[in-house]
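Here is the structure we will look at.
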Protein chains: 2
Amino acid sequence: MLNKHSTHCPIAFGLNIFGDRWTLLILRDILFQDKKYYNEFLHSEEEISTNILADRLEQLEAQRILKKSPDPLNRKRFTYAPTTKGLDLIPVILAIVRWSGKHDPETAAPRPFLRKLEKPANAIERDIRRKFSLRT
Amino acid sequence: MLNKHSTHCPIAFGLNIFGDRWTLLILRDILFQDKKYYNEFLHSEEEISTNILADRLEQLEAQRILKKSPDPLNRKRFTYAPTTKGLDLIPVILAIVRWSGKHDPETAAPRPFLRKLEKPANAIERDIRRKFSLRT
DNA sequence: CTGGATCCCAATAGATACTG
DNA sequence: CAGTATCTATTGGGATCCAG
């Protein structure tokens, strides 16, 4: 953790919230992979462990980046959906994707995950926002 | 660390390199604050500790995001400058700054650090790139 | 001296087993 | 299903140390 005093730097502020190896992967699942359940996040390719997933979901909810709600179809399940603050992270994720697309020999080639990223960034963002405004 | 197997996801790829609380702060110092020495990074507001700074500089050099060179003015010192791969992280940092500007009550107000960010993103990026191409 | 790195130890993150 | 508990590994703070 950064030294207690909050630093008044916008980069430090952001990194204090999502500057780790897992948080943005959960957002990726939600925003780009249409996942919304704890178990779906658990079984993503990177295999996050249960305590980390629980912790990050809690942080994200506390930061009001995600909203946790009981699943109407199954009272035992919860769904996680992005808030406006969460949707506003789309450009951060897209900037990372573009950087990796340029500098990672593995991801530079077209991949399933990247198909929807062939559109311009603002079209991608608009589509995702539309999806969540329709079903929330 | 993400589970050993590299995941072929561009977001995971990026996060494996700069998904922590310190790496992008060093890049910030270099790209936006004109810092280039170990000691300058050490004394930034967030007070990174010496072992972390040494480790991150090593990682960044190993990833060819920074280039370490002997300082021509002082044989004992080293300077760190961004490579093209490092300059390509400017949009990631700017996306984080924009998100924080919108969602952090502290950084939303204009601040010294943010002055140069009042220009459009591509003008900011162009200016920084120009600065480094002139002096490398 | 002084810039940079290493070492020791505490704190935090993470993997796996287990539980309400 | 969705976590907690426990144990291990990694990160980080601060002192110290080494090279020039």
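Below, chains carry the letters A, B, ... as their sequence lines are ordered, and counting in each starts from 1.
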With A/P72, which residues qualify under side-chain contact (heavy atoms from CB on, under 4.5 Å), at least two apart? none
Quick note, ring-ring contact (aromatic ring centres under 6.0 Å, His included) partners involving residues 81-102 of chain A, not counting sequence neighbours, are A/W99-A/H103, A/W99-B/F18
Given the ring of A/Y37, does A/R77 sit roughly above its face, with NZ or CZ under 6.0 Å from the centre of the six-membered ring and within 45° of the axis? yes
Between protein and nucleotides 18-20 of chain D, what N or O pairs are separated by less than 3.5 Å?
| unit_1 | atom_1 | unit_2 | atom_2 | d |
| --- | --- | --- | --- | --- |
| D/dG20 | N2 | B/K76 | NZ | 3.1 |

Salt bridge (Lys or Arg N to Asp or Glu O under 4.0 Å) partners of residues 86-99 of chain B, not counting sequence neighbours, each pair once: A/K102-B/D88, B/D88-B/R129
Would you list the pairs meeting salt bridge (Lys or Arg N to Asp or Glu O under 4.0 Å) in which at least one residue belongs to residues 53-72 of chain A, sequence neighbours left out? A/D20-A/R56
Using side chain to side chain donor-acceptor pair (under 3.5 Å) as the criterion, list what pairs up with A/S49, not counting sequence neighbours. A/N51
Residues of residues 49-67 of chain A with a heavy atom under 4.0 Å from any atom of DNA chain C, listed by number, are A/S49, A/T50, A/N51, A/I52, A/R56
Using the test side-chain contact (heavy atoms from CB on, under 4.5 Å), find all partners of A/N122 that sit at least two apart in sequence or belong to another chain. A/P120
B/R77 CZ to C/dT2 P, straight-line distance once rounded to whole Å: 12 Å
B/D127 meets the side chain to side chain donor-acceptor pair (under 3.5 Å) criterion, sequence neighbours left out, with B/K119
Is there a donor and acceptor pair closer than 3.5 Å between the side chain of A/Y38 and the base of D/dG3? yes
Taking the side chain of B/R21 as heavy atoms from C-beta outward, which of D/dT11, C/dA13, D/dA2 is closest to it? C/dA13
